[in-house]
2 protein chains.
Amino acid sequence: MRGFLRSKVRVLTASSPTISPPDQHYDDLANRLRSIGQRATPQRLLVLAAFQDAGEHLTADEIYARISERSPTVNRSTVYRTLETFRDLGVIAETDLGGGVRRYQLLDHERHHHLVCHDCGDIIDLDDDVLEPIRRAAAERYGFSAEIDHLAIFGRCQFCRGDE
Amino acid sequence: MRGFLRSKVRVLTASSPTISPPDQHYDDLANRLRSIGQRATPQRLLVLAAFQDAGEHLTADEIYARISERSPTVNRSTVYRTLETFRDLGVIAETDLGGGVRRYQLLDHERHHHLVCHDCGDIIDLDDDVLEPIRRAAAERYGFSAEIDHLAIFGRCQFCRGDE
DNA sequence: GTTGTAGATGCGATCATTCGCATCTGAAGC
DNA sequence: GCTTCAGATGCGAATGATCGCATCTACAAC
Ligand SMILES: [Mn+2]
Ligand SMILES: [Mn+2]
Ligand SMILES: [Zn+2]
Ligand SMILES: [Zn+2]
């Protein structure tokens, strides 16, 4: 366990060319966590690295599987708790895109949302500007600050609408 | 089992003054189901009756508990499956209001949504009109028909915003 | 470098929800 | 009424997600 952690820290703090968005590497990720009063544990850095390496809309189990390959002692609960923490910190978004499993996405790209067809399952990107009227109404009417990071709106796409 | 069902049908088909919204009684509910090609099983009528009797924003387990009191043979899975069916039919809305449990609400009142403060848990009603811009954008840009029945938007209420 | 400690992790139990499958039944047709 | 069978239910197992608690560790203070 101690061995695992030490070796992981070594791997994680080595700069790496595979870490892409905003050209960050692991040291930066660790400092980013520390700067917001969070501990930079190896497990947390592994979760962030999984997002960098893999695509978007990952499930907790996809992240866990990816991490387990190289770090078999990391626990599934820790992955869930880390995702919860990152979600609360605004580092990632948690979204139910249908299919009964929650999916997670890094929030370092431009903010966007999705239209999800519950007939064919197609997922359409939706620009964030369409949510401004809601944010404005919530703020003006109730002084409420709406935090809508990555919304999934269900309905029927143009092709499935013609079907019936 | 057979006895239970027969007696339940008797109870359920008796007109009752406790069934309120749109002045319907159980026969009407059964016919409403049949008219859309669905079977009017005693279990389904019990789920609908639970919504009529109890308040809003019920969890599956609250509905199950209510039904079990008088009809102990009804199964939890059936309640879940019935809620899923009714949700797909547009009879009820399924919403995650935080707290990790999904909540269900009859869709016979005027359509509305909620602002949920993730600091204090307060739930504010939000009129449906604020969602029109999204529906319009989805339709105009993508021909997508958005079905937003009972949305929960998370964020921070005016009181918790001042706290930090 | 050592120490102290708040906070994170591993682990197993538990909760919320879904699924497979054998059985049962609502309701349509006769 | 009786028959028929697609579809609904009960049941138990499986999956997704959370929690309690003992142990461990990141990192701040010295
Ligand atoms: Mn996305
Ligand atoms: Mn409501
Ligand atoms: Zn479609
Ligand atoms: Zn609040």
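Quick note on labels: first sequence line is chain A, next is B, and so on, each numbered from 1.
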Listed nucleotide nearest any side-chain atom of A:Ala60, set D:dG10, C:dA8, D:dA17
D:dA17
Show the numbers, then the answer: is there a salt bridge (charged side-chain N to carboxylate O under 4.0 Å, His left out) between A:Arg81 and A:Glu84?
CA-CA 5 Å; A:Arg81 274 187 295 228; A:Glu84 182 186 15; over 6 Å; no
Indicate whether OP1 or OP2 belonging to [N] is found under 4.0 Å from a side-chain N or O atom of [X].
| X | N | result |
| --- | --- | --- |
| B:Thr41 | C:dT25 | no |
| A:Arg44 | D:dT25 | no |
| A:Arg102 | D:dT15 | no |
| B:Tyr80 | C:dT17 | yes |

Please state how far atom [atom1] in [X] lies from atom [atom2] in [N], giving the value in whole angstrom units.
| X | N | atom1 | atom2 | answer |
| --- | --- | --- | --- | --- |
| A:Glu84 | C:dG7 | CD | P | 16 Å |
| B:Asp96 | D:dG16 | CG | P | 18 Å |
| B:Arg87 | C:dT18 | CZ | C1' | 12 Å |
| A:Arg103 | D:dA17 | CZ | P | 10 Å |
| A:Gln43 | D:dT23 | CD | P | 18 Å |
| A:Glu62 | D:dT15 | CD | P | 16 Å |
| B:Tyr64 | C:dC15 | OH | P | 14 Å |
| A:Arg34 | D:dT25 | CZ | C1' | 13 Å |

What nitrogen or oxygen pairs link the protein and nucleotides 11-14 of chain D at under 3.5 Å?
| unit_1 | atom_1 | unit_2 | atom_2 | d |
| --- | --- | --- | --- | --- |
| D:dG12 | O6 | B:Ser77 | OG | 2.9 |

At 10 degrees resolution, what angle do the end axes of the helix from C:dG1-D:dC30 to C:dC30-D:dG1 form when each is taken over five base pairs?
40°
Ion pair present between A:Arg70 and A:Asp53, side-chain N to carboxylate O less than 4.0 angstrom?
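Not counted as a salt bridge, because no side-chain N and carboxylate O are separated by less than 4.0 Å.
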Have a look at B:Val91 and tell me which of B:Val47, B:Leu33, B:Leu48, B:Leu107 forms a side-chain contact (heavy atoms from CB on, under 4.5 Å) with it.
B:Leu48
Atom CD of residue position A:Glu110 - does it have more than 12 heavy atoms of other residues, nucleotides or ligands inside 6.0 Å?
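It does not: A:Glu110 CD has 12 such atoms or fewer within range.
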Do A:His113 and A:His150 make the cut of ring centroids closer than 6.0 angstrom?
no
Side-chain donor or acceptor of A:Arg39 under 3.5 Å from a matching atom on the base of C:dA6?
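Answer yes: a donor N or O sits under 3.5 Å from an acceptor.
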B:His114 and its side-chain hydrogen bond (donor to acceptor under 3.5 Å, both in side chains) partner, picked from B:Thr95, B:Asp122, B:Asp125
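Option passing the side-chain hydrogen bond (donor to acceptor under 3.5 Å, both in side chains) with B:His114: B:Asp125.
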Worked check of salt bridge (charged side-chain N to carboxylate O under 4.0 Å, His left out) between A:Arg161 and A:Asp119
CA-CA 9 Å; A:Arg161 286 175 76 178; A:Asp119 280 15; over 6 Å; no
Judged by nearest nucleotide, the residue sitting upstream toward the 5' end of DNA chain D, B:Thr78 or B:Gly100, is B:Thr78
Touch check for A:Gln38, heavy atoms < 4.0 angstrom, all strands: base, sugar-phosphate only, or nothing?
sugar-phosphate
Side chains of B:Thr59 and B:Asp61: is there a donor and an acceptor less than 3.5 Å apart?
no
Between B:Asp127 and B:His112: side-chain donor-acceptor atoms closer than 3.5 Å
no
Does B:Arg141 reach the main-chain N or O of A:Leu126 with its side chain, forming a donor-acceptor pair under 3.5 Å?
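Pair absent, no side-chain N/O of B:Arg141 close to backbone of A:Leu126.
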